[in-house]
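Right, one structure below, let's go through it.
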Amino acid sequence: MSLKIASWNVNSVRQREGLVVDWLDRHQPDILCLQEIKCEEHLFPARFAEVGYHAVAVGQKSYNGVAILSRQPLTVTNRRLPGFAHEAARYVEIDWNGIIVGNLYLPNGNSGSAAGFQTKLDFFEALYGRARALLEAERDVVLTGDFNVCPTDEDFRPGALSASDALIHPASRAAWRRLCWLGLTDAQRAVQPQGRAFTFWDYQAGAWDRDSGLRIDHALLSPRLAERLESVRPDRDERARPQPSDHVPLVTTIAG
DNA sequence: ATGCCGGGGGCACCCCGA
């Protein structure tokens with residue numbers, strides 16, 4: 001069975017409801033993973049159901065929040081990342097026809113000083129544990145979402161970040177590599193080994209107009225799914241629309 | 001060194017984002 005799965009940090013699902021409905025209508029993914037919904041579950045828009053998508057939302061007031069939309073009824077396997085003790089709504093996981101799909105919003109790590117950065121590393125550690133358990137059980141796995149890490153220097157426009165930014169901190173990158181070295185494939189780099197594939201442009205300082213972007217939204221695939229990988233693409237067109245999110249959808253297709 | 005933009009909470013600015 002083929003799978004078209006997208007990940008999109010929408011920076012408030014209530015502000016972006018119309019854009020999301022329009023995008024679903026035009027792209028018809030099997031699954032859309034949302035991050036930064038920025039609302040509690042009871043405020044999550046009902047309109048996605050009206051256009052044929054089942055939804056699971058894990059939210060909180062003001063900050064964070066993740067959700068998964070699916071054309072098929074949802075089988076939720078986790079509403080929190082096992083091993084991550086913090087309350088923040090940053091992870092939701094489903095079983096889609098035998099494929100485990102983990103939708104994550106990794107802490108940025110720039111706020112809250114040393115403790116804030118440690119929370120980022122704590123999330124990575126818990127994600128490593130979850131991925132290892134799933135891979136040891138030989139499960140098919142997609143981990144997708146906003147990882148808040150630029151894996152290499154090709155993944156941000158020079159000048160877009162300071163050298164001390166948590167998105168390019170050596171410890172953040174080491175945690176990303178350790179996760180990949182479990183045997184997960186960075187889908188974007190499998191189809192495009194080099195060059196820019198930005199998924200985020202800041203609202204400030206004309207970042208979009210200057211193409212001063214970052215690649216921080218990713219899809220990691222377990223070995224059998226990596227073999228079936230067909231395409232990966234950030235949908236840059238969405239960044240040019242009125243009142244856009246600062247992130248664009250990352251669309252991954254896996255052959256049947 | 002700071003604001004540049006934008007969302008949420010809530011009604012004055014402040015926190016957070018990347």
Side-chain angles (χ1 to χ4, degrees), chain A residues 7-21 33-45 57-67 86-91 103-124 127 144-176 188 196-218 234 236 238-250:
Chain A
S7 170
W8 195 2
N9 179 323
V10 286
N11 187 21
S12 170
V13 72
R14 290 178 290 174
Q15 290 296 319
R16 239 56 77 186
E17 180 183 325
L19 285 178
V20 173
V21 167
C33 296
L34 301 173
Q35 302 90 36
E36 283 208 89
I37 65 171
K38 291 188 171 178
C39 66
E40 294 172 302
E41 280 121 77
H42 69 276
L43 296 172
F44 190 78
V58 177
Q60 65 183 89
K61 198 176 280 225
S62 302
Y63 304 122
N64 310 315
V66 288
H86 302 260
E87 288 301 312
R90 293 183 176 274
Y91 187 81
N103 173 25
L104 61 114
Y105 176 47
L106 221 138
N108 172 300
N110 282 311
S111 61
S113 62
F117 187 65
Q118 185 58 47
T119 301
K120 177 174 199 163
L121 300 182
D122 291 346
F123 191 101
F124 260 123
L127 189 60
T144 194
D146 179 355
F147 284 71
N148 268 320
V149 61
C150 303
T152 75
D153 286 349
E154 283 195 305
D155 297 318
F156 68 101
R157 182 73 167 234
L161 297 172
S162 78
S164 60
D165 198 287
L167 305 193
I168 54 174
H169 193 288
S172 304
R173 286 176 162 179
W176 163 264
Q188 184 70 53
R196 291 177 196 156
F198 297 150
T199 64
F200 166 93
W201 296 261
D202 201 297
Y203 291 118
Q204 301 182 62
W208 168 245
D209 293 326
R210 296 185 294 112
D211 195 23
S212 181
L214 314 175
R215 186 174 81 96
I216 50 176
D217 301 275
H218 305 296
R236 292 173 61 104
E238 282 303 304
R239 189 63 179 78
R241 291 169 74 83
Q243 280 86 55
S245 170
D246 40 7
H247 298 247
V248 297
L250 179 70

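The basis for the numbers below is simple: all heavy atoms, side chains too, and nothing from hydrogens, waters or symmetry mates. Residue numbers begin at 1 in each chain, while the letters A, B, ... track the order of the sequences.
Spacing between dA1(B) and dC11(B) at atom C1', rounded to whole Å, works out to 30 Å. A gap of 22 Å separates the P atoms of dG6(B) and dT2(B), to the nearest Å. Nucleotides dA18(B) and dC14(B) are separated by 22 Å at their P atoms, to the nearest Å. The same atom, P, is picked in dC15(B) and in dG10(B); the two are 15 Å apart, to the nearest Å.
Taking atom CZ of residue R241(A) and atom P of nucleotide dG6(B), one finds them 17 Å apart after rounding to whole Å. One atom, CH2 of W201(A), and another, C1' of dG6(B), lie 17 Å apart when rounded to the nearest Å. Regarding Q60(A), its CD atom lies at a distance of 11 Å from the P atom of dG9(B), rounded to whole Å. For the pair Q243(A) CD and dG6(B) P, the computed distance is 8 Å after rounding to whole Å.
Of the N and O atoms on the side chains of D146(A) and Q35(A), not one donor lies less than 3.5 Å from an acceptor on the other residue. The closest side-chain donor-acceptor pair between S245(A) and E238(A), if any, does not fall under 3.5 angstrom.
The ring of H218(A) has its center closer than 6.0 angstrom to the ring center of W176(A).
For DNA chain B, runs of at least 3 consecutive pairs of the Watson-Crick or G-U wobble type, with both hydrogen-bonding distances under 3.5 angstrom, map to B:5-9 with B:13-17.
The side chain of S62(A) contributes no N or O atom lying less than 4.0 Å from OP1 or OP2 of dG7(B). Contact annotation: R210(A) side-chain N/O to dC4(B) OP1/OP2 distance is not under 4.0 Å.
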Is there any protein nitrogen or oxygen under 3.5 Å from a nitrogen or oxygen in nucleotides 12-18 of chain B, and what are the pairs?
unit_1  : atom_1 : unit_2  : atom_2 : d
dG17(B) : OP2    : S111(A) : OG     : 2.2
dA18(B) : OP1    : N9(A)   : ND2    : 3.4
dA18(B) : OP1    : E36(A)  : OE2    : 2.8
dA18(B) : OP1    : D146(A) : OD2    : 3.4
dA18(B) : OP1    : H247(A) : NE2    : 3.4
dA18(B) : OP2    : Y105(A) : OH     : 3.0
dA18(B) : OP2    : N148(A) : ND2    : 3.1
dA18(B) : N9     : N108(A) : ND2    : 3.3
dA18(B) : N7     : N108(A) : ND2    : 3.1

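Within 4.0 Å (heavy atoms only), R16(A) reaches sugar-phosphate atoms of the nucleic acid but no base atom.
R215(A) forms no cation-pi arrangement with F198(A), by the criterion of a distance under 6.0 Å to the ring centre and an angle within 45° of the ring axis.
Among residues at least two apart or in separate chains, salt bridge (Lys or Arg N to Asp or Glu O under 4.0 Å) pairs with a member in residues 159-174 of chain A are D153(A)-R173(A).
Applying the salt bridge (charged side-chain N to carboxylate O under 4.0 Å, His left out) test to R210(A) and every residue at least two apart in sequence or in another chain returns nothing. Looking at residues two or more places apart in sequence or on another chain, you find no side-chain contact (heavy atoms from CB on, under 4.5 Å) involving S113(A). When the salt bridge (charged side-chain N to carboxylate O under 4.0 Å, His left out) test is applied to R157(A), no partner is found at least two apart in sequence or on another chain.
Of the residues listed (D217(A), T199(A), N11(A)), the one engaging H247(A) in a side-chain hydrogen bond (donor to acceptor under 3.5 Å, both in side chains) is D217(A), and it is the only one.
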